[in-house]
Amino acid sequence: MSFSNLGLSDPILKAIKEQGYTSPTPIQKQSIPIILTKKDVLAGAQTGTGKTAGFTLPLLQRMTEKKINGKPYVRALILTPTRELAAQVGESVETYGKYLPYKSAVIFGGVGINPQKAAIRKGLDILIATPGRLLDLVNQNCLDLSRVEFFVLDEADRMLDMGFIHDIKKVLALLPKHRQNLLFSATFSDDIKKLADKLLDNPTLIEVARRNTSSEAVSQVIHSVDKARKRELLASIIKKGKWKQVLVFTRTKHGANRLAEQLGKDGITAAAIHGGKSQGARTRALANFKSSEIRVLVATDIAARGIDIDQLPHVVNYELPNIAEDYVHRIGRTGRAGNEGEAISLVCIDELGLLKDIEKLIKKTIKNVQIEGFEVDPSIKAEPIQKKKTPRNNNNGNNRNRKPETKKNNPRRNPRANTKR
Ligand code: AMP
C-alpha cells in the first residue's frame with residue numbers, strides 16, 4: 001500500500017516522498033483515512049510506530065479543506081507532555097507541511113516567553129505546546145484558542161503521569177465545542193478512558209501492536225553485574241563493540257550527570273540530558289548526539305520521552321526503571337522503522353525485583369548473558385532501591401506505584417507517624 005491511496009493531496013505527498021517514506025506504517029494506514037472522515041479518534045500507539053505522521057498528515061490535509069482569508073488564527077492545537085516531544089512534533093509539522101502555506105510554532109516553558117508572544121502576534125495556524133506555558137500565554141491574554149478546529153493530545157498517558165490533568169481540563173475549557181479531537185496514548189488506564197470519555201465524541205478506536213514487546217526488531221538481553229562495576233562494564237561494551245551511538249538510561253538526574261562525566265574520563269564522549277538541565281543544554285546535547293559528536297547520551301526517563309532519533313542501534317538500561325512500563329518506552333528508542341536494535345540491561349542484585357516486574361509486563365524472560373570478567377560477587381547483599389521523588393510521584397496522586405498519602409502515614413501532617421511511642 002502506498003501513501004497515494006490514503007486521500008492525501010499532492011503537496012503532502014511530495015513532502016512525504018522527500019522524507020523517503022515508501023509506505024505508511026500500520027498506525028498511519030488506519031488513522032489517516034479515519035481522521036479524514038472528520039471523526040474523533042482514540043489511538044493506542046507508542047513512539048516509534050510513526051504515530052506523529054499518523055495524526056500530522058491527515059490534520060494538514062483537513063486544514064486544506066477550508067480557505068482562510070486574512071490573518072491566520074490557531075486552527076490546530078497539539079498538546080504534548082514534554083518540551084522535547086513538542087519540538088519534535090513541531091519539526092514534523094514543518095516537514096510534512098513544507099508545501100502548504102500554514103504557519104506553526106512550538107511553545108514550551110524553560111525558554112524566553114517573548115519570542116513566543118511575537119510568533120503568536122504575527123498569526124499562527126498550528127500551535128504545538130506543553131500545557132503549562134500554553135496556559136501562561138492564555139492568562140496573559142496573548143493567545144486565543146476559541147477557534148480551534150483540531151485538537152490533538154499526544155502521549156496522553158504520560159501527560160497524566162506527569163500530573164497535567166488539571167491543565168488539560170483548563171485547556172479544554174478554552175476550546176470551542178465543535179472540533180475534531182485526536183487522543184494518542186501508549187497505554188489505556190482507567191484515567192485515560194475517563195479523559196477520553198470527556199474529550200472525545202463517539203471516537204473510532206485504533207490500536208496497533210506494541211511493537212517493542214512483540215516485535216523481533218529489538219533484541220533484549222541482560223548482563224548481571226555488581227553495581228560498583230557497571231560503569232566499567234558499560235565502557236568495555238561500548239569500546240569492544242566500537243559503538244558510535246548509544247542511549248543510556250539512569251534512574252536519577254544525579255546518576256545521569258555522574259555517568260556522563262565518568263564515561264568522559266574513560267575516553268568516551270558523553271552528555272547527560274534530564275529535566276534539571278536548561279532547555280538550551282538539552283537541545284545542544286541532543287543535537288551533538290544526533291550529529292555523532294558525542295557517542296553516548298545519558299538520559300532519565302522523563303527527559304528521554306519522545307526523543308526521536310532515527311536508526312538508534314543501541315539502548316542500555318544502566319539502571320532498570322522503577323516503573324516497568326518505562327522499560328518498554330526506553331527500548332522503544334531502538335529498532336525503529338524496520339531497523340534492528342539492541343537493548344541491553346545491566347542488572348545488579350538490588351534490581352532483581354524490578355526485573356521481575358518488567359518480565360511480567362512484557363510476558364517473557366529476558367536472556368541473561370554473563371560477560372566474562374564481570375561475574376557477580378555472591379557475598380554482596382541486596383540493598384533496597386531508594387525511590388527518589390520524581391515529578392511523577394510528586395504529582396496529584398497519579399503515580400501508579402505510590403500508596404495514597406493518609407494523615408496516619410504522613411509525618412508532616414501527623415508528627416507521631418514513624419516515631420516510637
Ligand atoms: P514516531 O512514532 O512518530 O515517533 O515516528 C518514529 C520514526 O519513524 C520517525 O523517525 C519518523 O520519521 C519515522 N517514520 C514515520 N512514518 C514513516 C514511514 N511511513 N516510513 C518510514 N519511516 C517513518
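Counting starts at 1 for both ligands and their atoms, in listed order. None of these values were measured; they are calculated from a predicted model.
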Test: Glu18 and Lys98 ion pair at under 4.0 Å: yes

Salt bridge flag under 4.0 Å for residues Asp326 and Arg158: yes

Salt bridge present between Lys66 and Glu149 (N-O < 4.0 angstrom): yes

Carboxylate-amine/guanidinium contact Arg258 Glu261, below 4.0 Å: no

Check: Tyr21 N/O within less than 3.5 Å of ligand 1 N/O: yes

Atom indices of ligand 1, in the order listed, that fall short of 4.0 Å to a heavy atom of Thr49: 2 (O)

Within-cut-off N or O pair, Gly50 and ligand 1, under 3.5 Å: yes

Those atoms of ligand 1 less than 4.0 Å from some heavy atom in Ser23: 18 (C), 19 (N), 20 (N)

Numbered atoms and elements of ligand 1 in range of Phe3, under 4.0 angstrom, heavy atoms: 19 (N)

Arg251 bridged to Glu351 by N-O distance under 4.0 Å: yes

Numbering as shown, the atoms of ligand 1 that approach Thr52 to under 4.0 Å (heavy-atom distance): 1 (P), 3 (O), 4 (O)

Ligand 1-proximal atoms of Gln28, by part, heavy-atom distance under 4.0 Å: side chain

Which of the ligand 1 atoms, numbered from 1, are nearer than 4.0 Å to a heavy atom of Thr25: 17 (C), 18 (C), 19 (N)

Asp266 with Arg231: basic N within carboxylate O range, under 4.0 Å: yes

